[in-house]
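Every value quoted in this text rests on a predicted model; they were computed, and no experiment measured them. Only heavy atoms go into these numbers, but all of them, side chains included; no hydrogens, no water, no symmetry mates. So you know, we letter chains A, B, ... as the sequences are listed, proteins then strands, and number each from 1.
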2 protein chains.
Amino acid sequence: MDVHGRDLRYFTSVAEELSFTRAAERLFVSQPALSKQIRMLEKQLGVVLFERDRRAVRLTAVGEALLPHARAMLAAWEAAQTAVQEARTAERHTLVIGMSTSPGRGLLPALRARLDFRHPEARPILRQVNWADPSAGLADGSSDVAYVWLPLPDEDRYQYAVVAREPRLVALPDGHPLAARAASDSEGMVDFSDLWDEPFLALPPEAGPLRDYWLALDARDGRQPRIGGVVASAEETHEAVAGGQGVALLATGNAPLVVRDKVIAVPVRGISPAQLAVAACRDDKRTLVLAYLAAAREVGATTC
Amino acid sequence: MDVHGRDLRYFTSVAEELSFTRAAERLFVSQPALSKQIRMLEKQLGVVLFERDRRAVRLTAVGEALLPHARAMLAAWEAAQTAVQEARTAERHTLVIGMSTSPGRGLLPALRARLDFRHPEARPILRQVNWADPSAGLADGSSDVAYVWLPLPDEDRYQYAVVAREPRLVALPDGHPLAARAASDSEGMVDFSDLWDEPFLALPPEAGPLRDYWLALDARDGRQPRIGGVVASAEETHEAVAGGQGVALLATGNAPLVVRDKVIAVPVRGISPAQLAVAACRDDKRTLVLAYLAAAREVGATTC
DNA sequence: CGCTGTGATAGCCATGAGTTATGGACGTCC
DNA sequence: GGACGTCCATAACTCATGGCTATCACAGCG
């Protein structure tokens, strides 16, 4: 039914040398082994491939018919092997970088430059992941490294480096009463306690602890937040805030993505700053991944 | 180094089914066997071909790269097999008919018709063989059946059927004294004893007993013949006789090939008639060979 | 909770591909 | 003409491999 590639190699060698002994030493096997294999091949095909005269070995018509096919298959296998190796190195040099929204803040070019310097062969690929996955693709392996907001669910499964630490703002419709209150504040801020009764836009439930974090559950003294809607992208957030469905906490660096038209953002007193990190799976020891994390640590040291 | 075709089959099956279990039953092997083989293939190539998630199996980028090559090789093997089978049937239907000179006497068409009747698929091929080989290619296997003159060297190696039995003539230059003697003979013949001292044209030494036969050694009472030259074809014989190098014995049916211009042929008294046979190797039991011999026997029964 | 379906693992066995040693048929050389 | 060398085939053995069954671990589902 099938052939072993080896048998084809043996066959072509004997066909080229027209001698079992010489072919055997060219193939680095013993002559009886070669004889036997050729016999097995002939038996399998039900034909005679070589005419073993006392003094000479020569191809039969059938052998002649097989030879070009055998050569073609061997060449095809060579090609297949190189294709596999190429795919493998391409894969080794590819780094899939997951992110929810563009991390901005000049982070991507800064890290890219550091990666390029150490690993010019690297081929980083940027990948947008829905906000519903707080690990930005790490959890299901679709990203090698990712820009994530802390805290991560299952945080001990990951290794990470914080690259930005920024106060959180609240996004409001521009006519909102709290906007005026902030304007009258000495620092232009609002207290989070003033937001307790506001309807909030939340991440999808799958986001787990991250959803809680952006609702600032820990700063509510045990009170349940009112959920005004679920959003899974900057665009949705803008629309929902402008439409009066609720307010939403934002990292400072993300404000430009949401603040326009009828939406403003105001700093909030009494909640912890947001932390953006570059993360990877804890057990991932691949060179490029570690290099990207190292770059993140360097950049993080200067920006935080 | 090489692959077993089976592994490629297994690989493509799993790639198509994206399930080891289903692929295994499609391949009529157990699921563990399939798992193991795929692992071995991956180990051999040093790459991961499938990503086995708990719930799903999918091709890696490397697997994707291998798949088309694997398919191509399987297709190539299919093609190779059909090529071999075609060559085999072509070979089975081919009958190489060896002959020294054209046997003439209407034998070829008569036998051809009988062969066609029984085996319309047969593809007889006529092959001219030098007179130096009295077996007309049977000895070295280059002919399957052959028109030969008896006696054959190693006669027990062959099976044969006599298809013509004819008096032998002697070819002479037209001015030769024996031509006149024959003309005055009551039966228009010469006695072989009259030829004892003539120079004879002989077959090459390799022809063995056949050379002796056409020198009619047995009718010389122990006297050695004088050899006027060596000939290996009808054309050479004509030239040599016409040129006076010597005389030569001929089968009646072959006379037309030699007798023209300055060469005549005269019946000889005192030597046995020539016997033309169709022969094959004794141990050759192939259908077409036996059929041709049977046809020869039928035709021989009517002509002898 | 147990049931089902999937892939991996373990242990067993037959086969297959390799080895060395040897045999038989020719050529060749002294 | 006998000794030897060459070449392919055969024999006997070893060990890896490909197959099997039985079983486990885990996820999804009723």
Which residues pass the side-chain contact (heavy atoms from CB on, under 4.5 Å) test with A/Gln275, sequence neighbours left out? A/Leu150, A/Val162, A/Arg165
Quick one: label B/Gln31 by what it contacts on the DNA or RNA (base, sugar-phosphate, nothing), any heavy atom closer than 4.0 Å. base
Side chain of B/Pro32: nearest nucleotide among D/dA9, C/dG7, D/dT21? D/dT21
Select base, sugar-phosphate, or nothing to describe what A/Ser30 touches, counting heavy atoms under 4.0 Å on all strands. base
What is the separation between atom CZ on B/Arg22 and atom P on C/dG5, rounded to the nearest whole Å? 12 Å
When the distance from CG of A/Asp2 to P of D/dG19 is rounded to whole Å, what number comes out? 10 Å
Rounded to the nearest Å, what distance is computed from the CG atom of residue B/Leu27 to the P atom of nucleotide D/dG19? 10 Å
From D/dC8, D/dT10, C/dT19, pick the nucleotide closest to the side chain of A/Arg39? D/dT10
Any side-chain N or O of B/Arg6 less than 4.0 Å from the OP1 or OP2 oxygen of D/dG19? yes
DNA chain C: 5'-proximal contact among A/Leu34 and B/Leu18 (nearest heavy atom): B/Leu18
For a 4.5 angstrom cut-off between non-hydrogen side-chain atoms, does B/Leu210 reach B/Pro151? yes
Whether A/Ser35 contacts D/dT10 is assessed here as follows: a side-chain N or O lying under 4.0 Å from the phosphate OP1 or OP2. Is that the case? no
Determine the interplanar angle of the A/Phe50 and A/Phe11 rings, folded into 0 to 90°, and report it as parallel if under 30°, tilted if 30 to 60°, perpendicular if over 60°. tilted
CZ of A/Arg52 versus C1' of C/dC26: gap in Å, rounded? 18 Å
For B/Ile38 and C/dT9, what is the distance between atoms CD1 and C1' respectively, to the nearest whole Å? 17 Å
CA sep, side-chain torsions, deciding dist, call: B/Ile227, B/Leu215, side chain to side chain contact (heavy atoms under 4.5 Å, CB included): CA-CA 9 Å; B/Ile227 305 300; B/Leu215 294 171; 3.9 Å; yes
Nearest-Å distance, CZ (B/Arg58) to P (C/dG7)? 13 Å
Basic-acidic side-chain contact under 4.0 Å: B/Glu91, B/Arg286: no
D/dC8 P sits how many Å from A/Glu51 CD, rounded? 14 Å
Atom pair distance, as rounded to whole Å: CZ in A/Phe50 and C1' in D/dA9: 16 Å
Give one of base, sugar-phosphate or nothing for B/Thr21, where a contact means two heavy atoms less than 4.0 Å apart. sugar-phosphate
Answer with base, sugar-phosphate or nothing: what part of the nucleic acid does A/Tyr10 contact at a heavy-atom distance below 4.0 Å? sugar-phosphate
Is the base of D/dG19 touched by the side chain of B/Lys36 through a donor-acceptor pair closer than 3.5 angstrom? yes
Which nucleotide in the set D/dC20, C/dA17, C/dG7 lies at the smallest distance from any side-chain heavy atom of A/Gln37? C/dA17
